[in-house]
Q: 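Sharing a structure here in structure tokens format.
Counting starts at 1 for both ligands and their atoms, following the listed order. Keep in mind that what you see is a predicted model, and the values were worked out from it rather than measured.
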Amino acid sequence: MTLKLKHSGQYTASVRLFVLSVLAMLSASAADLHAAGPEVIIPAPYEYSVSEGSFVLGGGTSFYIELKKPYLESLDPSMQSAGGEDGEIAGLEEELLSLPYGLVKAGKKSAADIVLTIGGVLPDRRNAAVKSSPSWKNRESYRLKVTEGGIRIEAKGFAGAFYAIQSLVQMAGLPSAAGIDDADSVPSAAVAEISCCTVTDSPRFGYRGLHFDVSRHFRSKEFLMKQMDAMALLKLNKMHLHLTDGAGWRIEIDGYPELTEFAAWRPYADWSDWWVSDRHYCRQDEPGAYGGYYTADDIREILAYAAKKHIEVIPEIEMPGHSEEVLAAYPELSCTGKQYGSGDLCPGKEATFGFLEDVLSQVMDLFPSEYVHIGGDEASKGAWKTCPDCQRRMQEEGLENVDELQSYLIHRIEEFVNSKGKKIIGWDEILQGGLAPNATVMSWRGTEGGITAMKSGHDVIMTPGEFCYLDYTQDAPFKEPVSIGGYIPLAKTYSYEPAEDGLTEAELSHLLGVQGNLWAEYIPTDSHAEYMYYPRAYAIAEIGWSKAGAKDYDGFRGRALKVSDMLDGMGFSAFDLRKEYGNRKESLEPVHHLAEGCPVIYGEQYSSQYPASGDCTLTDGVLGGWTYGDRKWQGFLTDMDVTVDLGAVKPVHYVGATFMQVVSAWVWLPEKVEISISDDGRTFRTVGTVWRDMSDELNGLYFKPYGLVCNESGRYVRVRAFKHPAAGAWLFTDEVIVN
Ligand code: ACM
Ligand code: ZN
């Protein structure tokens with residue numbers, strides 16, 4: 001293949017010669033240079049066309065930024081740390097100059113290869129298709145036109161111009177990816193070729209978030225800023241910082257030194273070691289103290305970087321649950337007044353509100369976001385039932401139960417936050433006992449909470465665990481690092497559609513967008529966190545930005561490989577999609593057998609939590625995948641006792657069922673499985689018993705078929721599986737196979 005250098009922008013003759021001579025020297029690698037266009041971008045643009053020819057971005061390509069007023073909502077109040085109009089322009093310039101293509105500033109518009117116009121004549125006046133895009137009148141929208149003569153970017157706001165640059169970068173690729181192996185040796189001559197094209201782009205949702213759990217393992221500010229580089233490239237615009245939780249408090253608060261000198265440190269680096277010990281904290285200066293926190297200056301530095309990347313950082317201060325660390329530091333805020341009891345703040349005590357208001361005031365002063373996330377998830381509320389302060393509060397306020405007591409706390413906190421001109425977001429448990437009037441709901445326990453909230457006119461961010469929990473294993477558990485469990489491959493995250501059927505336009509207008517969450521209990525290192533975020537964050541980005549209903553996983557995967565190559569070149573450690581093993585092989589094809597489609601008579605009912613496809617599950621020919629949560633495994637909290645009716649007396653040569661063991665999830669293989677057979681469904685002959693032959697202490701994920709080869713005949717085949725004696729133990733199976 002020969003290199004097409006149809007046009008090199010308006011290089012000076014000497015730069016052009018230099019580029020050409022470097023390219024000649026690098027002919028082997030330069031031969032790899034080929035144009036890419038908008039077909040490679042993640043998230044897929046709203047609309048684009050590609051034409052003949054290409055533009056070569058390289059050393060000396062010049063740019064010019066012009067500001068035509070009025071620009072639309074350019075100065076987003078949630079990004080005030082960008083420093084106003086001058087700061088925004090300086091930010092764009094810095095972004096362009098930092099790209100690895102050796103771009104330079106042009107003195108005047110007419111001399112520039114790349115012209116960015118912000119505001120002024122709005123692109124939608126000229127483009128009917130774009131005009132029909134509901135969100136086109138958006139500060140994040142842009143139009144990008146690449147011709148052989150140069151590049152034109154038009155945007156209504158600075159964010160749009162910034163995103164046009166990100167699209168350009170994805171099309172260009174890194175210089176090394178474009179064919180130059182050692183970019184350092186040719187700093188001013190790095191080149192990348194972009195197909196001639198027109199892109200008109202606008203986001204589907206305004207909220208496209210990633211969540212960072214810095215409590216379970218503290219992450220440096222440098223780590224967060226690095227992730228913002230990837231987020232920006234993906235047009236993700238919200239960083240949800242989970243700053244407080246039982247594993248450590250992570251933000252300095254004036255007047256509460258114990259939060260950061262004590263509650264931010266623990267004597268174990270490993271979360272599991274700490275969890276199975278006494279879960280105590282230690283002083284910052286104790287040998288081996290593990291943890292950390294952000295000072296106000298650290299936060300300001302993070303926010304300034306975020307503003308440049310057009311990312312809004314949303315702080316989360318957990319309440320009333322997940323507050324063990326607060327109560328260890330200030331036990332007077334708990335129901336009992338003692339350390340290391342319940343993890344719930346006491347809503348009966350005024351001191352609790354004093355504390356929360358002090359903390360929230362400082363957090364709201366520091367973060368320009370219009371939101372503060374107040375947690376709200378998984379409070380046990382147990383101690384509230386017997387606490388005299390909580391009981392008095394309930395009586396005084398006429399509260400019927402502890403759900404209403406939680407709702408009282410959230411309402412009161414919302415009023416306080418609203419009085420400062422800000423809004424709350426809470427996990428979907430804030431629906432319990434009545435939702436605060438202006439609250440935004442983050443739906444994680446499925447989508448029901450989000451749907452209920454939208455139907456009652458509340459804003460919603462969708463982050464259902466089944467699709468958006470990036471702490472779940474993304475590939476075959478046997479080849480992946482220890483994780484919280486589950487199985488959410490890239491394809492599963494990508495398949496998520498947040499606008500569910502049955503919602504009206506008015507209800508859907510409250511759907512702000514989507515977020516991927518990464519809880520970090522089992523994710524001690526930065527590189528492991530990146531491995532979990534990417535590439536699944538690409539899917540979150542595409543769900544949040546791209547048009548609905550245009551999904552094509554194979555195409556997306558191809559683009560994801562390219563973006564991962566790019567992140568790799570930027571020093572990220574993304575999961576290697578090329579080495580993906582995929583789902584449990586048995587689950588990929590239906591299994592055909594004698595009992596397929598036959599009715600199943602249940603002696604004991606399966607659990608309503610894990611019904612899979614209900615009564616037909618065990619003879620539907622569908623085998624389960626890596627997780628009992630995939631709706632293919634049926635779960636039992638009793639012994640299993642099922643009888644398959646073959647419809648007529650038939651010869652039977654094999655009976656078996658596969659069970660699963662995940663001790664950490666309280667799922668065990670059965671102690672034994674008894675198989676019997678009958679002609680009439682009343683009198684059964686024992687065929688045999690299969691015993692557990694694997695330790696019940698083996699942690700990890702195991703599958704074991706309990707089967708018997710036999711030479712029998714009968715109509716009714718009964719399989720009884722006796723579960724592990726531990727209280728609350730689960731049994732899971734996917735199919736009763738008869739042959
Ligand atoms: C959550 O995962 N507890 C919000
Ligand atoms: Zn109490």
Q: Checking ring-ring contact (aromatic ring centres under 6.0 Å, His included) against Y628, which of W668, Y610, W633, W730 comes through?
A: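 For Y628, the ring-ring contact (aromatic ring centres under 6.0 Å, His included) test succeeds with only one of W668, Y610, W633, W730, which is Y610.
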Q: Using a strict threshold of under 4.0 Å (side-chain N to carboxylate O), is an ion pair present between K420 and E357?
A: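 Not counted as a salt bridge, because no side-chain N and carboxylate O are separated by less than 4.0 Å.
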Q: Polar pairs, ligand 1 vs protein, N/O only, below 3.5 Å.
A:
residue, atom, partner, partner atom, Å
ligand 1, 2 (O), Y469, OH, 2.6
ligand 1, 2 (O), W519, NE1, 3.4
ligand 1, 3 (N), D377, OD2, 2.6
ligand 1, 3 (N), E378, OE1, 3.2

Q: What's the SG-the Zn ion (ligand 2)-SG angle here (C387, C390), rounded to 10 degrees?
A: 110°
Q: Given H217, which of Y522, W271, Y290 fulfils the ring-ring contact (aromatic ring centres under 6.0 Å, His included) condition?
A: Y290
Q: What do you reckon, are the aromatic ring centroids of H280 and Y340 less than 6.0 Å apart?
A: yes
Q: Strictly under 6.0 Å, is that where the ring centroids of H240 and H373 end up?
A: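 Yes; H373 has its ring centre under 6.0 Å from that of H240.
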Q: Picking from W444, W519, Y469, what satisfies ring-ring contact (aromatic ring centres under 6.0 Å, His included) with H211?
A: W519
